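These notes concern the structure reproduced below.
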Number of protein chains: 2
Amino acid sequence: MSNCKEIRIVDIAKMAGVSVGTVDRVIHNRGRVSAANYTRVMTVLKEVDYRPNMVARSLASKKVYHIVVIIPAYAPGEYWEYISRGVDRAVEDFRQYHLSVTKLYFDQFNEASFESLLRDIKLDEVDGVLLGTLFYDLVCSFSKELDARKIPYVYVDSDIPGERRMAFIGTDSLVGGQIAARILFRNITKEADILMARIVHTGAESTQAKNRLSGFNAYLTSIDYKGCMYRVDLDLSDDRHNYEILDAIFHEHPNIKAAVIFNSKAYIVGEYLKNRNRKDISLVGYDLIEKNAQLLEEGYIEALIDQRPRMQGYMGVKLLCERLILNGEIGNNNLLPIDILIKENYKFSETY
Amino acid sequence: MSNCKEIRIVDIAKMAGVSVGTVDRVIHNRGRVSAANYTRVMTVLKEVDYRPNMVARSLASKKVYHIVVIIPAYAPGEYWEYISRGVDRAVEDFRQYHLSVTKLYFDQFNEASFESLLRDIKLDEVDGVLLGTLFYDLVCSFSKELDARKIPYVYVDSDIPGERRMAFIGTDSLVGGQIAARILFRNITKEADILMARIVHTGAESTQAKNRLSGFNAYLTSIDYKGCMYRVDLDLSDDRHNYEILDAIFHEHPNIKAAVIFNSKAYIVGEYLKNRNRKDISLVGYDLIEKNAQLLEEGYIEALIDQRPRMQGYMGVKLLCERLILNGEIGNNNLLPIDILIKENYKFSETY
DNA sequence: ATGTTTGATGTGTGCGCACACACATTTGTT
DNA sequence: AACAAATGTGTGTGCGCACACATCAAACAT
């Protein structure tokens with residue numbers, strides 16, 4: 001079925017009428033090969049579609065590949081923890097290949113922390129970067145620097161299409177927003193009002209959230225939505241404040257039948273609904289983090305839209321490995337599936 | 001972060017005061033080691049948590065692992081094709097590890113074909129088996145034989161819990177049924193009638209389908225369903241016959257608002273609905289095969305419940321590899337996530 | 001002319017392991 | 001007792017490759 005005899009360097013050497021050293025030089029572009037021999041070896045390589053034995057290569061090579069993972073610091077149970085776990089998993093899977101992964105954390109609410117972190121990286125010792133793309137401008141300038149040094153880098157979470165990233169790993173946020181709308185409108189009529197809660201901590205709203213809103217709105221337009229969307233800004237830690245706001249808006253607009261939050265903090269509204277004992281509001285949020293899972297189980301969150309964070313982390317490292325070690329070209333767009341998680345199926349999520 | 005100096009066999013040997021040969025014999029249980037040295041080496045192995053360098057091992061070893069994959073033959077675009085693709089992907093990923101995978105196909109509508117296929121396998125040359133569990137009794141007796149020979153085997157698709165399979169890879173069919181019900185009842189009231197179509201080809205109904213029905217019924221009970229379920233048997237290839245039956249039942253019971261099919265053939269009803277231009281029936285089925293995808297896109301299938309067939313195939317081979325090569329113990333239950341696919345998200349499915 | 005740099009090429013060693021084999025020791029047999 | 005068989009133990013080789021090094025010829029400078 002598979003294998004058979006693989007072609008080795010010695011075979012190539014014999015075929016091309018040179019020594020293994022020459023073949024080696026050609027393969028690794030080390031120079032010091034005459035033009036005649038170079039083409040001769042290249043011809044043979046192409047002819048037999050030579051694929052190096054990675055196992056032997058990895059055993060012989062002393063080269064250690066340094067991959068830097070730059071993501072926000074996270075508290076236990078938060079979204080980025082799952083991405084981080086995916087990275088860990090990949091490290092375990094590829095530990096034999098002389099892989100060294102260093103995780104660097106910045107404060108996602110503090111752009112300066114990201115900036116100083118970037119400044120402190122000694123890029124001379126870095127072979128690849130996995131980058132959480134939260135701060136648009138800084139990511140762009142950093143990308144330019146990586147371009148200049150020819151260090152491959154992969155974006156995770158949300159994409160910045162203009163840049164020369166080797167790959168983007170994540171979901172299509174626009175579609176993610178459409179799906180939220182689609183789910184909501186299974187439960188409510190197009191005349192019902194909808195609450196959209198934003199969770200503010202700093203002034204900035206993430207690109208993700210913006211794109212999701214766009215997708216959501218696109219869906220509303222497509223079904224000729226007749227209701228009204230109300231927006232509230234909640235605080236990540238001030239529950240009393242949030243409850244006041246939510247009480248007010250629900251009282252003022254009794255026609256609100258659904259709520260949506262475009263980041264992973266749906267539990268803030270979910271816990272409110274639980275406290276007020278209201279199951280008449282269809283709440284849809286994003287990302288299966290612990291607090292959301294609990295509320296999904298109890299029925300206060302209708303559905304969560306998940307983007308397989310562990311797989312994101314895993315694939316990020318895997319792609320960099322394949323690029324660095326295999327030297328292989330890979331597709332530069334790895335849109336991951338968008339999962340719809342409900343009470344029944346969330347438990348099985350992310351086996352990988 | 002990771003790596004550092006790994007402990008090698010020579011290190012172990014030095015620590016235990018023996019030669020590498022002795023350590024090797026202990027590691028591989030080849031015998032010919034005195035009790036004293038055995039325990040001494042074992043102690044050291046445990047102490048340092050020795051983890052063999054799989055890269056070196058694989059390079060040195062000439063042993064080829066033969067894995068046999070036994071699944072139904074499939075036409076292009078059918079369900080088992082996706083499982084097969086997952087197997088292929090795994091073969092590619094692990095090709096360096098002296099892996100030989102042989103796929104054997106049987107006729108899923110002909111038990112005898114499965115039986116004769118099993119009989120012809122020369123088990124002496126087989127190191128692991130991935131087995132599609134369609135024919136209960138034959139799978140059981142074959143499993144006994146594999147037990148006797150201590151050949152690890154993995155079930156794929158549906159489980160037979162009594163057996164000593166190394167692992168089962170697939171979804172929880174019961175939950176799969178519940179989810180179908182859950183989705184339907186977002187669109188219909190609990191007074192509406194439901195059509196359940198079975199696709200007959202042989203008399204047998206799959207365990208999968210039975211379990212899904214159980215889960216579906218459990219959900220009906222839980223919500224105190226007031227409507228009526230009608231069952232029809234359709235033919236896989238006789239469209240005219242199917243249309244007559246469907247016309248009749250829909251005419252006779254206009255209160256039917258939804259339909260469910262517990263295998264991958266939802267397209268049979270979906271195509272009927274398309275032909276009759278009816279979008280008022282909520283149709284839910286299983287598995288993202290080509291024909292279903294088309295109807296999902298066009299809106300004649302409301303949702304598909306997917307069981308990540310490619311991942312099933314991939315993980316099946318991967319688990320066997322890890323067991324054979326790593327010799328590692330692995331969890332014996334690998335329930336995969338159940339995906340809810342709708343028009344918006346099906347396109348991204350199964351990137352892996 | 002002789003030394004010196006430079007480029008082109010081949011050879012040798014070791015990565016960590018599996019496994020064959022040589023050798024040493026004990027046990028069993030008549 | 002002698003000698004075979006079984007059991008214990010260490011050494012050596014090679015898997016396919018990367019990379020340091022040795023070799024050798026040609027080009028250049030003094």
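Since we're looking at a predicted model, the values are computed, not measured. The sequence lines fix the lettering, A, B, ..., with proteins before strands; numbering per chain opens at 1.
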Do Phe106(B) and Phe135(B) touch side chain to side chain, with heavy atoms closer than 4.5 Å? yes
Using a heavy-atom cut-off of 4.0 Å to chain B, what are the terminal contacting nucleotides of DNA chain D, in 5' to 3' order? dT7(D) to dG16(D)
So which atom in Leu134(A) and which in Pro72(A) form the shortest heavy-atom distance, rounded to 0.1 Å? CD1-CG, 3.8 Å
Between NZ of Lys14(A) and C1' of dG10(C) the distance, given in whole Å, is 15 Å
In whole Å, what is the span from the CZ atom of Arg30(A) to the C1' atom of dT9(C)? 14 Å
Scan residues 16-25 of chain B against DNA chain D and write down, sorted by residue number, each residue with any heavy atom closer than 4.0 Å; if none is found, say none. Val18(B), Ser19(B), Val20(B), Gly21(B), Thr22(B), Arg25(B)
Got a salt bridge between Arg165(A) and Asp159(A), using NZ or NE/NH1/NH2 to carboxylate O under 4.0 Å? yes
Are Leu146(B) and Leu123(B) side-chain neighbours, meaning at least one heavy-atom pair lies under 4.5 Å? yes
Sequence-distant partners of Ser84(A), side chain to side chain donor-acceptor pair (under 3.5 Å), two or more places apart: Tyr74(A), Lys103(A)
Using a 4.0 Å heavy-atom cut-off across all strands, classify Arg8(B) as base, sugar-phosphate, or nothing. sugar-phosphate
Return yes when atom NZ of Lys63(B) has more than 12 non-hydrogen atoms of other residues, nucleotides or ligands closer than 6.0 Å, and no otherwise. yes
Using the side chain to side chain contact (heavy atoms under 4.5 Å, CB included) rule, take Met166(A) and Leu320(A) through it: C-alpha gap first, then chi angles, then the decisive distance, then the call. CA-CA 8 Å; Met166(A) 188 186 85; Leu320(A) 281 168; 4.1 Å; yes
Compute the angle between the rotation axes at the two ends of the helix from dT2(C)-dA29(D) to dT29(C)-dA2(D), each taken over five pairs, rounded to 10 degrees. 60°
Begin with the C-alpha distance, continue with both residues' side-chain angles, and end with the deciding distance and a verdict on side chain to side chain contact (heavy atoms under 4.5 Å, CB included) for Asn53(B) and Leu59(A). CA-CA 9 Å; Asn53(B) 182 330; Leu59(A) 183 64; 4.3 Å; yes
Taking side chain to side chain donor-acceptor pair (under 3.5 Å) as the definition, give me every residue that meets it alongside Arg149(B), ordered by chain and number, with sequence neighbours left out. Asp124(B)
Less than 4.5 Å apart, any side-chain heavy atom of Ile325(B) and any of Tyr65(B)? yes
Go through the steps to decide whether Asp11(A) and Lys14(A) satisfy the test salt bridge (charged side-chain N to carboxylate O under 4.0 Å, His left out), and finish with yes or no. CA-CA 5 Å; Asp11(A) 302 320; Lys14(A) 207 164 290 173; 5.3 Å; no
So with a 6.0 Å cut-off around CZ of Arg30(B), is the heavy-atom count from everything else above 12? yes
Comparing nearest nucleotides in DNA chain C, the 5'-proximal residue of the pair Val33(A), Ala60(B) is Val33(A)
Could you check whether Ile9(A) gets within reach of a base, just the sugar-phosphate, or nothing at all, counting any heavy atom under 4.0 Å? sugar-phosphate
Are Phe94(B) and Val101(B) side-chain neighbours, meaning at least one heavy-atom pair lies under 4.5 Å? no
Using a cut-off of strictly less than 4.0 Å between a heavy atom of the residue and any atom of DNA chain C, enumerate the qualifying residues of residues 36-47 of chain A by number. Asn37(A)
Using a heavy-atom cut-off of under 4.0 Å over every strand shown, decide if Tyr50(B) touches base, sugar-phosphate, or nothing. sugar-phosphate
